[in-house]
Protein chains: 2
Amino acid sequence: MPDDDRAAAPPARPRRADARRNYDRIVAAATAAIAEHGAEASLEEIARRAGVGSATLHRHFPSRQRLLEAVFSGKVEALCARARELAADHDPGPALVAWLRAVATHVAANRGLATSLLQGAHDGAVGEGCHAMIVDAGQELLDGARRAGAVRDGVAIVDLLTLVNAICLATEHEPDGAAQAERLLDLVLDGVRPSST
Amino acid sequence: MPDDDRAAAPPARPRRADARRNYDRIVAAATAAIAEHGAEASLEEIARRAGVGSATLHRHFPSRQRLLEAVFSGKVEALCARARELAADHDPGPALVAWLRAVATHVAANRGLATSLLQGAHDGAVGEGCHAMIVDAGQELLDGARRAGAVRDGVAIVDLLTLVNAICLATEHEPDGAAQAERLLDLVLDGVRPSST
DNA sequence: AGGCAAACGGGGCGGCCCTCCATATCGTAC
DNA sequence: GTACGATATGGAGGGCCGCCCCGTTTGCCT
């Protein structure tokens, strides 16, 4: 694989100062626009808000997914950090539950994050990074919880994450989405515990 | 409410014959197009396939949701019929489970049905009809199942339907979506049974 | 058969995504 | 400080789409 530069970080080759500046402006504008209009926000409007031409936006982010990834990567890292915190401070079972709730909160607070993460995982190599980070972080919590007997066998972390994403996805357009998401998450978590002997 | 005509049926005021003919053509074309390209199929292409002008399509279906509703209403009725069948032929618990699986199958087979039903429910009065029909059909199954002790309290039919839709929504873009949907549905259904004393 | 309301559809407008290329800007070597 | 090459820019334009206006056609009823 000859292509070694990731989108988010300044890895191998230094870029010109103005390019870097515009990159940051675009990400900032995109963050605002996505918060307002969701992940389907107009790319042209983002470029307009950032004060750059649409061509510039397209050069920095060849696809919408790339842009979303850049916007969300910070939040994803925060979630992973939270996973480590929870693993250190709590019992395995509650830690996993609390983390899944945190994931739900983040996803609900960032319209389109769920869809982005779900679809990005195998749309080529696009959201790969974010997806892998979350999965890894969750896997450790799940392993701990299973060792502690708080989770039954046959449950994969990707299943849990998909369910959390699914719930947020399905409730984010509802009038009382937050409450419903809460209820559904409880329901699902009950199915995850070992059948009480 | 002065507006009394529903989109799907010929209710109060008779329409001209050609209008009705074009209506049917558009629905047929839309059905085909949606099966091919999903719920985001181009309206203009649908009009083209139906052999009508885009204005005509737009007059019959002021919004995309209306068109989707017309396309899916047949399938929705089939699901409701299936609910009655199951209620008659099986024990309440298994009947509910089987029906939810049937819903999942239908939703998975009709790209965009899930989103359509979810968002249509309160986007004005748009998907109201379909949504209400499904909810009513499911409510009876759920009531039966609860009376039989197969479902714990605190579970609403809308929760279950939302979860089923959510699962299909989240897995329909996955490579092995069907298998994953199956697994997730099992997981959820386990959470619905009363905690085995 | 004739008149009228209902229905039609071509064509235009604006927005979106994306690409090309002449131009401006940065970084550097002198 | 200056001049030069590479890098980055953005406006213009093409293709597509959804939506709507309005002159024309068509079905319906008498």
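Throughout, a chain's letter reflects where its sequence line sits, starting with A, and its residues are numbered from 1.
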What donor-acceptor contacts under 3.5 angstrom involve side-chain atoms of residues 78-88 of chain B, with partners at least two apart or in another chain?
from: B:R82; atom 1: NH1; to: B:E85; atom 2: OE1; distance (Å): 3.0

OP1 or OP2 of C:dC8 versus the side-chain N and O atoms of B:N22: is any pair under 4.0 Å?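 Yes, within the criterion.
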
Set of residues satisfying side chain to side chain contact (heavy atoms under 4.5 Å, CB included) with respect to [X], sequence neighbours excluded:
| X | result |
| --- | --- |
| A:D136 | none |
| A:S54 | A:E44 |
| A:E40 | none |
| A:V27 | A:Y23, A:T31, A:F61, A:A70, A:V71 |

Within residues 38-59 of chain A: residues closer than 4.0 Å to DNA chain C (heavy atoms):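 Per residue number, the list reads A:S42, A:L43, A:E44, A:R48, A:S54, A:A55, A:H58.
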
Spacing of [X] atom [atom1] relative to [N] atom [atom2], expressed in whole Å:
| X | N | atom1 | atom2 | answer |
| --- | --- | --- | --- | --- |
| B:R66 | D:dG18 | CZ | C1' | 18 Å |
| B:L68 | D:dG18 | CG | P | 12 Å |
| B:F61 | C:dA7 | CZ | P | 14 Å |
| B:R64 | D:dC17 | CZ | P | 11 Å |
| A:L67 | C:dC18 | CG | C1' | 15 Å |
| B:H37 | D:dC16 | NE2 | P | 14 Å |

Any A:D24 side-chain heavy atom under 4.5 Å of A:R21 side chain: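 A side-chain contact under 4.5 Å is absent here.
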
Taking the side chain as every heavy atom from C-beta outward, state whether B:R101 and B:E182 have any pair of such atoms under 4.5 Å apart.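 In contact.
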
Can you pull the side-chain hydrogen bond (donor to acceptor under 3.5 Å, both in side chains) pairs that have at least one residue in residues 148-159 of chain B, sequence neighbours excluded?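 Qualifying pairs, neighbours excluded: A:R183-B:D159, A:D190-B:R152.
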
Assign a letter to each nucleotide of nucleotides 25-30 of chain D from its 5' end: B, base within under 4.0 Å of a protein heavy atom; S, sugar-phosphate only; -, no contact. -BSS--

Taking for each residue the nucleotide of DNA chain D with the nearest heavy atom, is it A:A19 or B:P62 whose nucleotide lies nearer the 5' end?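 The residue closer to the strand's 5' end, by nearest nucleotide, is A:A19.
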
B:Q180: which residues meet the side chain to side chain donor-acceptor pair (under 3.5 Å) condition with it, sequence neighbours left out?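 Listed in chain order: A:T162.
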
